[in-house]
There are 2 protein chains.
Amino acid sequence: MDKQTITIYDVAREANVSMATVSRVVNGNPNVKPATRQKVLKVIERLDYRPNAVARGLASKKTTTVGVVIPDITNIYFSTLARGIDDVATMYKYNIILANSDENSQKEVSTLDNLFAKQVDGLIYMGHNISDAVRAEFSRAKTPIVLAGSVDPDEQVASVNIDYKAAVKDAVALLLQKGAKKVAFISSAMNEPINGEYRLAGYNEALAEAKIPYDGNLVFETDYNFRAGAALWDKLQAVGADAAYVADDELSVGVLDGALDHGVKVPDDFQIITSNNTFLTEITRPQLSSISQPLYDIGAVAMRLLTKMMNKEAVTDKTVLLPFTIAERNSTKK
Amino acid sequence: MDKQTITIYDVAREANVSMATVSRVVNGNPNVKPATRQKVLKVIERLDYRPNAVARGLASKKTTTVGVVIPDITNIYFSTLARGIDDVATMYKYNIILANSDENSQKEVSTLDNLFAKQVDGLIYMGHNISDAVRAEFSRAKTPIVLAGSVDPDEQVASVNIDYKAAVKDAVALLLQKGAKKVAFISSAMNEPINGEYRLAGYNEALAEAKIPYDGNLVFETDYNFRAGAALWDKLQAVGADAAYVADDELSVGVLDGALDHGVKVPDDFQIITSNNTFLTEITRPQLSSISQPLYDIGAVAMRLLTKMMNKEAVTDKTVLLPFTIAERNSTKK
DNA sequence: GTGAAAGCGCTAACAC
DNA sequence: GTGTTAGCGCTTTCAC
């Protein structure tokens, strides 16, 4: 592979010092006489020496690499989280191994197995449904793990989120306050805790406070892409919905397009509020009102939390909730 | 870090064989008697042994990890490429270390340095401007490198692309054919070869064939985001443009929104053709006509090419061009 | 078909 | 402040 890799040994010999000394200067250990340090540094430069991180990892049992399991990097929600993660990782001198999981439990398990085999120092997991098999992998590993933008109902593993229930409650309450009578709830699989437990609970609370009975016909499960949203329009109209809370921005755009393409006026005849406040909410006409959650920050804070855990620092709260707001745009009435 | 990691040595002892034999069964080496293999496999399972990839990497000089340098994972263009890369990488048992560069040469250099220190077996680089410093890092490393969706005018390093010049020529020709008289050219920095050399050349050729003189006032450099596009509208109108070729989808959406917000009819009064055919082109109203390039495939093919190079297989063409088409939607006239 | 032993390139005591 | 010496956990000749 390598032609003639130069090692710490070569540097030591050329500089007339021991390997230990070279190691010290490379690692910024202060116990080196300045003159010696300079001498070594010169040789390092002359030989174009680059420390082998793999050997270092073997010897030190630290790889400065963290694993990142993500459902689909192509989804703006996740790519924004990932960007926050990577930026903070870089800040703390870590690299991330990124692996798309498609929320497929089997794929997740083999990915985790692989990541742990590679001795990642920590792991960030994104995914809305932690299967038992995945949970087993988690406990099998002795590596710190943090969830980003994903809830663990059991609160066994650390996580960074917003308060999904409160956020959806506020969102639906806004719709109701603006005159909506039949608010649809649209998300992906309800067996994902984030939907079935948190978001739906928020929806129900808002309904209850407005003394509106829950109607199961108004609850829809579908995929997170705009085609699915557009395809949903007929059903929405069939049940007489006059507004919708939607759990994903791309899906919301689909619903909006469905309405528009059928000549329905938004927000006059149909109101929409979405969940992630990505730039999609701003490019549509009308622009979409949305829950505003700090995705980049969720990723960043999750990674920061992970650095603390990897560093064995005391962590006060394993579950951190970041604040959210509601961004009122033009898919809800004034 | 680890409590009590069990090593290949533990397995060997428990199974009454040598480490070498355990190594053979773990690596699927056929030179093991089936009975022995079974015995070892049993012990591996009982002990829940997981081979340490770092140690393996040190001994074998292969990490089954490739570095991926990407300008910004948050941009759909790049995240789609990345998805193709990761899928093929997974298929060939590689992991990817993902690093955002923001197309900052300095950051790229330190990232590359880091990636090579980690002994990645190969590298995929995305970025439209290969600085001299980056080029120096490239040649310093003895690792195979492939560019994905990014051109190297010098053709020193392998790359997978579409024919940008021909694509833009076709796109602009379409605009012209549909009656446009003053077609604007909008991209990011013209000092990036992909813009200044390839795309602009295609633009010029289309103009020449239609016998329309080149007008520098119609050429705009800006950022790739929708705000920049909307902000550009006034200038576009000031120079009297009646159509635009735009190098990025998000930017195109901005231009479209700018036009719409000013009451301009698209495509009647202003036509737009964009470059990447991401789902953004389908969610807008009207939908955007676009060059259709197989982003996912570009990533996938780039990774496939890299596996060949890492495997020291013969590679016929270092530069592979994938086919493109033009998707006519509703931002160009019928 | 299997084992012994020498590294891979580095860190981390420990000694001086 | 610097050197010596074990490993880290595995692969890989080379014998047998």
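Every chain is numbered from 1 and lettered A, B, ... according to where its sequence line falls, protein lines coming before strand lines. None of the values given here were measured: they were computed from a predicted structure.
- dC8(C) atom C1' lies 15 Å from atom CD1 of Ile8(B), rounded to whole Å.
- Residue-level contact check: Asn31(A) touches the bases, meaning some heavy atom is under 4.0 Å from a base atom.
- The OH-P distance, from Tyr49(A) to dG9(C), rounds to 10 Å in whole Å.
- The side chain of Ala20(B) lies closest to dA4(C), out of dA4(C), dC8(C), dG9(C).
- Regarding Met19(A), its CE atom lies at a distance of 15 Å from the P atom of dA13(C), rounded to whole Å.
- For dC8(C), the OP1/OP2 oxygens have no side-chain nitrogen or oxygen of Asn52(A) closer than 4.0 Å.
- If you check dG9(D), dT11(C), dC10(D) against the side chain of Leu58(A), the one that comes closest is dG9(D).
- One atom, CG of Asn27(B), and another, C1' of dG9(D), lie 13 Å apart when rounded to the nearest Å.
- Two rings, from Phe138(A) and Tyr125(A), have their centers less than 6.0 Å apart.
- Among dT2(D), dC10(C), dG9(D), the nucleotide with an atom closest to any side-chain atom of Arg56(A) is dC10(C).
- Along DNA chain D, the nucleotide closest to Ser60(B) and the one closest to Ser60(A) are compared, and the more 5′ of them pairs with Ser60(A).
- At the heavy-atom level, Asp10(A) lies nowhere under 4.0 Å from the strands shown.
- Each of Thr21(B) and Ala55(B) lies near DNA chain C, and the nucleotide nearest Thr21(B) is the one positioned closer to the 5' end.
- With respect to the salt-bridge test (charged N to carboxylate O, under 4.0 angstrom), the residues Arg50(A) and Glu45(A) do not qualify.
- A donor-acceptor contact under 3.5 angstrom links the side chains of Lys118(B) and Thr65(A), judged on distance only.
- Using a 4.5 Å cut-off on side-chain heavy atoms (C-beta onward), Ile85(A) and Met126(A) make contact.
- dG9(D) atom C1' lies 9 Å from atom CD of Gln119(A), rounded to whole Å.
- Under a 3.5 Å cut-off, the side chain of Asn129(B) and the backbone N or O of Glu192(B) do not form any donor-acceptor pair.
- OP1 or OP2 of dG9(C) has not a single side-chain nitrogen or oxygen of Thr7(A) nearer than 4.0 Å.
- Remark: P of dG9(D) and CD1 of Ile6(B) are 11 Å apart, rounded to the nearest angstrom.
- Of the candidate nucleotides dT11(C), dG1(C), dC8(C), dG1(C) has the atom nearest to the side chain of Lys33(B).
- Computed from coordinates, the Arg50(A) CZ to dC10(C) P distance equals 12 Å when rounded to whole Å.
- Comparing atom distances between the Ser23(B) side chain and each of dT12(D), dT11(C), dG9(D) picks out dT12(D) as nearest.
- Counting any heavy atom pair closer than 4.0 Å across all strands shown, Val17(B) reaches sugar-phosphate atoms only and no base atom.
- Judged by distance alone, with hydrogens and angles left aside, Arg24(B) brings a side-chain donor or acceptor within reach of the base of dG3(C), the pair sitting under 3.5 Å.
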